[in-house]
Amino acid sequence: MCSNVVVGLPSPPNLNGTLSSPTPTNTSNTKDGDHLVMNHTGVGGYKWRLVIAYDGTRYAGWQYQSSPPTIQCFVEKVLMQATKLERKDLSLVGASRTDKGVHAWGQVAHFVTPFNYDSIDSIHAALNGLLPSDIRVREISPAVPEFHARFSAKSKIYHYKIYNDTFMDPFQRRYAYHSAHKLNPAAMKEAAKYFIGKHDFSAFANASQKERVRDPVKNIFRFDVIEMGALLQLEVEGSGFLYRQVRNMVSLLLQIGREALPPYIVPMILGTRDRRELAKYAMFAPPHGLSLVTVKYNEEHLRLPSGCSSTSFGRHYTIGSCKLPFY
């Protein structure tokens with residue numbers, strides 16, 4: 001069992017006996033020392049990794065703001081309820097700052113507590129019980145101190161769905177963009193290949209007031225256009241993405257799919273490094289077709305700290321046998 005070894009901290013709230021009581025012990029000699037981190041006050045604590053899925057339809061993106069509500073705002077709120085900690089103590093960080101209306105199946109985040117959990121199934125159930133139904137914690141696990149949800153990410157995978165038919169499937173309307181124009185998937189596949197590799201994507205990035213200027217050079221590992229009947233799924237994996245980069249790449253591929261532009265226009269626009277050049281040819285693609293599917297990390301960042309509780313994937317509930325007398 002991974003014992004709680006945080007020094008000089010008050011006892012944490014007891015959730016059905018799943019939290020360990022802190023003991024004033026020298027942490028350097030304990031078996032869960034590789035789970036300890038330092039919080040903003042310099043006090044030792046424990047780091048936890050979350051995998052979160054959400055329908056972004058009614059939220060103003062991931063990044064914290066009180067109004068209109070964001071995903072991070074709701075996740076922090078329920079973490080505060082479950083742990084009895086303040087927002088600043090939790091230090092919740094997400095891997096991707098998904099935009100307003102964008103969905104996620106594999107958003108990754110981490111937070112810190114000054115106490116340890118012997119079992120995390122109970123807090124997992126508590127979080128999902130408190131969250132609105134369009135946000136769910138898929139996994140929760142202890143994390144090594146070196147893990148950082150955002151800065152440790154090796155690559156991210158996004159999907160953009162396009163429903164290409166004369167009318168929109170009502171069951172797809174929240175998660176796919178409707179194009180009534182007949183698209184040419186072969187031309188889109190040819191054009192997508194030009195994005196692969198290391199490029200300066202300045203021409204495909206919108207300016208953001210929320211972020212400092214970032215390195216515009218990104219490495220795209222793959223960009224696939226997959227046909228699934230009337231549905232086209234655009235899958236892109238890269239080392240990172242600039243603000244609205246994926247949607248801007250999709251917007252150009254849509255124009256190419258409509259045969260309004262040739263595939264070779266992609267390297268021409270990339271070479272300009274000027275967002276105004278893209279604006280001459282394509283509008284932006286709406287957010288509801290986009291989903292963050294996976295964030296990848298190196299194995300050393302995903303290893304479980306020695307002696308600590310295992311990953312929680314949630315609990316299945318069963319109905320016990322009903323013993324009725326025979327008549």
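Computed from a prediction, not measured in an experiment: that's the story for all the values here. Numbers here are sequence positions counted from 1.
Between the side chains of Ser291 and His103, not a single donor N or O lies within less than 3.5 Å of an accepting N or O. Thr113 and Trp48 share a side-chain donor-acceptor pair at under 3.5 Å. Between the side chains of Gln63 and Gln65, no donor-acceptor pair of N or O atoms lies under 3.5 Å. Under the 3.5 Å distance criterion, with hydrogens and angles disregarded, a donor-acceptor pair is assigned to the side chains of Tyr54 and Thr98.
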Discussion item. Using the rule given for side-chain contact (heavy atoms from CB on, under 4.5 Å), can you reason through Leu292 versus Val102, listing the C-alpha separation, both sets of side-chain angles and the distance that settles it, and then say yes or no?
Written reply: CA-CA 8 Å; Leu292 171 63; Val102 174; 5.7 Å; no
Worksheet entry | Stepwise side-chain contact (heavy atoms from CB on, under 4.5 Å) test for His124 and Val137 | CA-CA 7 Å; His124 192 175; Val137 175; 3.8 Å; yes
Item to complete: Decide side-chain contact (heavy atoms from CB on, under 4.5 Å) for Gln107 and Trp62; before the verdict, give the C-alpha distance in whole Å, the side-chain angles of both, and the deciding distance to 0.1 Å.
Response: CA-CA 9 Å; Gln107 171 73 283; Trp62 163 267; 3.6 Å; yes
Discussion item. Walk me through whether Leu79 and Leu127 qualify under side-chain contact (heavy atoms from CB on, under 4.5 Å).
Written reply: CA-CA 7 Å; Leu79 279 171; Leu127 294 178; 3.7 Å; yes
Worksheet item: Given Phe195 and Phe204, is the ring pair (Phe, Tyr, Trp, His ring centres under 6.0 Å) satisfied, shown in steps?
Response: CA-CA 11 Å; Phe195 287 117; Phe204 290 86; 5.3 Å; yes
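Between the His288 side chain and the Ala176 main chain, a donor and an acceptor come within less than 3.5 Å of each other. With Glu259 contributing its side chain and Asn184 its backbone, the two residues share no donor-acceptor pair below 3.5 Å. At distances below 3.5 Å, not a single donor-acceptor pair connects side-chain atoms of Glu146 with backbone N or O atoms of His301. A distance-only check finds no donor-acceptor pair linking the side chain of Lys156 to the backbone of Val295 [under 3.5 Å]. Distance alone, capped at 3.5 Å, is enough to place a donor-acceptor pair between the Ser91 side chain and the Lys88 backbone. For Asp215 (side chain) and Val217 (main-chain N/O), a donor-acceptor pair under 3.5 Å exists by modelled atom type. Side-chain atoms of Ser251 come within 3.5 Å of backbone N or O of Met283 as a donor-acceptor pair. The backbone N or O of Leu242 lies less than 3.5 Å from a partner atom in the side chain of Gln245, making a donor-acceptor pair. Between the side chain of Ser152 and the backbone N or O of Ala149 there is no donor-acceptor pair closer than 3.5 Å. For Asp99 (side chain) and Gly61 (main-chain N/O), no donor-acceptor pair under 3.5 Å exists by modelled atom type.
By the 4.5 Å side-chain criterion applied to Ile, Leu, Val, Met, Phe, Trp and Tyr, Trp105 is assigned to no cluster and stands alone. Through direct or indirect side-chain contacts shorter than 4.5 Å among Ile, Leu, Val, Met, Phe, Trp and Tyr, Met168 is connected to Tyr163, Ile226, Met228, Leu231.
We find the OG1-CZ distance between Thr83 and Phe111 to be 7.0 Å, quoted to the nearest 0.5 Å. Between the CD1 atom of Ile157 and the CD atom of Glu235 there is a distance of 8.0 Å, given to the nearest 0.5 Å. From Asn128, atom CG reaches atom CZ of Arg136 across 5.0 Å, with rounding to the nearest 0.5 Å. Atoms CD and CG, from Gln255 and Leu278 in turn, are 10.0 Å apart once rounded to the nearest 0.5 Å. Separation of atoms CZ (Arg49) and OH (Tyr297) is listed at 8.0 Å; rounding is to 0.5 Å. The structure places NE2 of His178 at 6.5 Å from OG1 of Thr166, a figure rounded to the nearest 0.5 Å.
Annotation for Ser312 and Asp121: closest pair OG-OD1, 2.8 Å, computed over non-hydrogen atoms. Closest approach of Ile256 and Ala191 over heavy atoms only: CD1-CB, 3.6 Å. Between His110 and Phe147, the shortest heavy-atom distance links the atoms CB-CE2, 4.0 Å. The two residues Pro305 and Val144 make their nearest non-hydrogen contact at CG-N, 4.0 Å. Considering every non-hydrogen atom in both Lys100 and Tyr59, the closest pair reads CG-O, 3.5 Å. The two residues Ala192 and Leu253 come nearest to each other via the heavy atoms N-CD2, 3.9 Å.
For Phe284, the side-chain contact (heavy atoms from CB on, under 4.5 Å) partners at least two apart in sequence or on another chain are Arg247, Asn248. When the salt bridge (Lys or Arg N to Asp or Glu O under 4.0 Å) test is applied to Lys161, no partner is found at least two apart in sequence or on another chain. For Asp274, the side-chain hydrogen bond (donor to acceptor under 3.5 Å, both in side chains) test picks out Arg276, with sequence neighbours left out. The side-chain hydrogen bond (donor to acceptor under 3.5 Å, both in side chains) check on Thr311 picks up nothing, with sequence neighbours excluded. Partners of Asn219 by side-chain hydrogen bond (donor to acceptor under 3.5 Å, both in side chains), not counting sequence neighbours: none found. Among residues two or more places apart in sequence or in another chain, the side-chain hydrogen bond (donor to acceptor under 3.5 Å, both in side chains) test is passed with Gln81 by none. Residues that satisfy the side-chain contact (heavy atoms from CB on, under 4.5 Å) test with Pro185, not counting sequence neighbours, are Glu227, Leu232. His181 is linked by a side-chain contact (heavy atoms from CB on, under 4.5 Å) to Ser179, Arg258, counting only residues two or more places apart in sequence or in another chain.
Under a hydrophobic-cluster definition in which Ile, Leu, Val, Met, Phe, Trp and Tyr are linked whenever side-chain heavy atoms come within less than 4.5 Å, directly or via other members, Tyr175 and Leu290 are assigned to different clusters. By the criterion of side-chain heavy atoms lying less than 4.5 angstrom apart, applied directly or through intervening Ile, Leu, Val, Met, Phe, Trp or Tyr residues, Tyr194 is not grouped with Phe221; the two fall into different hydrophobic clusters. Leu270 and Met268 fall within the same hydrophobic cluster, where Ile, Leu, Val, Met, Phe, Trp and Tyr residues are linked whenever their side-chain heavy atoms come under 4.5 Å apart, directly or through other members. Residues Val93 and Val112 fall into different hydrophobic clusters, defined by Ile, Leu, Val, Met, Phe, Trp and Tyr side chains chained together at heavy-atom separations under 4.5 Å. Cluster annotation: Leu92 and Val78 are assigned to the same hydrophobic cluster (Ile/Leu/Val/Met/Phe/Trp/Tyr, side-chain heavy-atom contacts under 4.5 Å, transitive).
Counting only residues at least two apart or on different chains, no salt bridge (charged side-chain N to carboxylate O under 4.0 Å, His left out) pair has a member in residues 262-272. Pairs of residues two or more places apart, or lying in two chains, that qualify as salt bridge (charged side-chain N to carboxylate O under 4.0 Å, His left out) and include a residue from residues 282-300 are Glu237-Lys296.
Looking at heavy atoms from C-beta onward, His199 lies out of side-chain contact with Pro216 at the 4.5 angstrom threshold. Residues Thr57 and Asp134 form no side-chain contact, since every pair of their non-hydrogen atoms from C-beta on lies 4.5 Å or further apart.
Tyr158 has its ring centre less than 6.0 Å from the ring centre of Phe241. Centroid-to-centroid, the aromatic rings of Tyr117 and Phe115 come within less than 6.0 Å.
Within a 6.0 Å sphere centred on CZ of Arg273, heavy atoms belonging to other residues, nucleotides or ligands number 12 at most.
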